[in-house]
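Written below as structure tokens is the structure these notes are about.
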Amino acid sequence: MKSVVLVLMFLTGLFAKEAVLPTELTAWKSLSFISAAKSANELSDASLSLNHASLIGLHPTPKIQYVARPMNEGGTVSYGGIFQIDIKESGVYRVVLGNASWIDLIKDGKAALSVAHNGGPENSGIRKMVDYALEAGTYTLQLSAGADSTSALLVTKIK
Amino acid sequence: MKHTLRAILVASGLIAPLYAQSIQSDNQADKVKIELGRKLFYDADLSINGTMSCATCHEQRRAFTDGNKVHPGALDDPGKRNVPALANVGSYKNLTWAHNHLSGLAEQSLMPIRGTDPIEMGMSTHEEEIGKRLSQNECYRKMFTIAFSEEKGSINLSTVSRALESFEKTFISNDSLYDQKIKSNQPLPTKESEAGKKLFFGAAKCNSCHSAPLFSDDDFHQVQPQTQAANPLMKDNGLSDVTGNLKDKNAFRTPSLRNAALTSPYWHDGRAKTLSEAIRKHDLKMNQTLSDRDIAKLIAFIDTLSDISFVNNPKYTKPSKECPY
């Protein structure tokens with residue numbers, strides 16, 4: 001119930017003006033709610049699916065035990081969270097985010113290096129897009145140093 | 001070890017015990033001030049919403065710049081100037097791109113924390129929040145108590161900024177290839193870089209402003225291209241915005257060229273993407289008439305000013321989460 005209200009609030013805020021999205025980002029418009037994990041053992045409840053945008057609930061930073069120390073750590077008053085995602089084939093993937101949180105994608109304890117950074121199309125509600133060259137496997141996606149308790153997140157394959 | 005040395009000195013009557021004691025605790029306080037400054041440099045609680053630390057804009061691996069033209073603030077306010085490198089920042093009398101009466105690094109650190117032109121960390125009118133947030137952390141309480149015993153370990157903007165200053169004063173970069181070869185009295189390893197060095201210190205007169213060893217004369221010059229269209233959102237007249245004196249219009253402090261190969265983009269507004277663009281941009285006949293060959297030589301020389309031991313120095317990295325005290 002609460003999350004439905006949140007979704008509505010978020011969507012009206014996000015799409016107050018109609019944005020023109022490139023085809024690889026059309027999934028951005030259908031959001032479902034998912035709450036971030038606070039630690040590794042909650043990860044099974046925080047799985048993302050490729051090409052499905054999610055409205056995400058984040059946690060106050062002091063409550064989170066990250067799997068690996070984020071590159072940019074938020075202060076005590078910031079928000080973050082942990083997710084996991086299965087990558088079935090190697091390629092270039094784009095993490096699309098509604099706020100400016102720091103993103104770390106981790107597999108086997110190592111953070112993947114980003115290959116490109118971009119802002120989103122105008123009025124899309126997208127604040128940040130970061131591309132990574134990934135191999136197949138299960139990745140932990142960590143968000144840190146975020147300003148808000150909710151945001152929106154999409155992982156999509158671009159190459 | 002230190003204690004034994006002190007005991008021997010005291011026992012042999014070389015130094016009076018009280019004096020020895022105070023040296024010991026001063027050294028200890030100074031050491032902790034640096035460690036504290038390092039912790040604070042990486043702490044995003046210095047920003048209004050916990051999203052931004054000093055290191056968000058000043059990344060060690062890029063010689064403490066960030067690779068962006070300008071960097072938006074914690075609340076997404078637009079940035080105004082390009083993030084400068086911090087190598088040897090303790091040696092400057094004039095700080096930032098264009099200011100001539102900041103009392104030092106402590107006062108400078110208040111500009112990102114609570115400045116409003118531009119808004120960076122966004123703490124203006126919320127300054128007391130910093131003390132409140134940091135006081136909740138036991139490690140900070142311990143470290144401030146040791147570092148600022150005369151002030152009873154008070155955690156406020158003044159002690160925070162002085163600790164940051166102590167840490168920043170340790171940013172010393174003097175081990176580039178250029179430095180190593182100067183010390184051993186040898187030429188630079190490639191013909192190109194050696195030719196660039198001759199040009200830099202000779203015919204091209206770069207050294208008259210980018211003076212060794214800082215590769216900055218710590219002074220202000222007007223080298224803005226006449227044709228440059230002003231950025232309508234962010235009016236920036238350089239030094240005259242601080243002094244109110246028309247003759248300082250568009251004057252900026254000479255940036256150091258140490259580690260410049262690692263700090264693109266360039267210019268006070270980040271408008272120059274490459275070193276060659278930056279060199280050509282000066283409104284100086286010399287810079288605008290250099291041949292492409294000469295520019296390539298100068299860049300080969302500037303490359304030798306990169307100090308890899310500085311950008312990899314473990315003393316400047318994000319400190320471990322464990323409290324050292």
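Because only heavy atoms are used, hydrogens play no part in the values below, and waters and symmetry mates are left out as well, while side chains stay in. Keep in mind that what you see is a predicted model, and the values were worked out from it rather than measured. In what follows, chains are A, B, ... by sequence order, proteins preceding strands, each numbered from 1.
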Main-chain N/O of A/Met71 paired with B/Lys318 side-chain donor or acceptor, under 3.5 Å: yes
Point-to-point distance, once rounded to the nearest 0.5 Å, from CD of B/Glu59 to CG of A/Asn72: 7.5 Å
Enclosure of A/Gln65 CD (heavy-atom neighbours >12, cutoff 6.0 Å): no
Residue pair B/Ala44 / A/Gly74: nearest heavy atoms and the distance that separates them: CB-C, 3.9 Å
B/Glu127 CD: over 12 foreign heavy atoms closer than 6.0 Å: yes
Heavy-atom pair of closest approach, residues A/Val77 and B/Asn49: CG2-C, 3.6 Å
Heavy-atom pairs under 4.5 Å with chain A, option from B/Pro72, B/Gly50, B/Ala74 with the top count: B/Gly50
Option in B/Asp76, B/Asp43, B/Thr56, B/Leu75 with maximal non-hydrogen atom pairs under 4.5 Å from chain A: B/Asp76
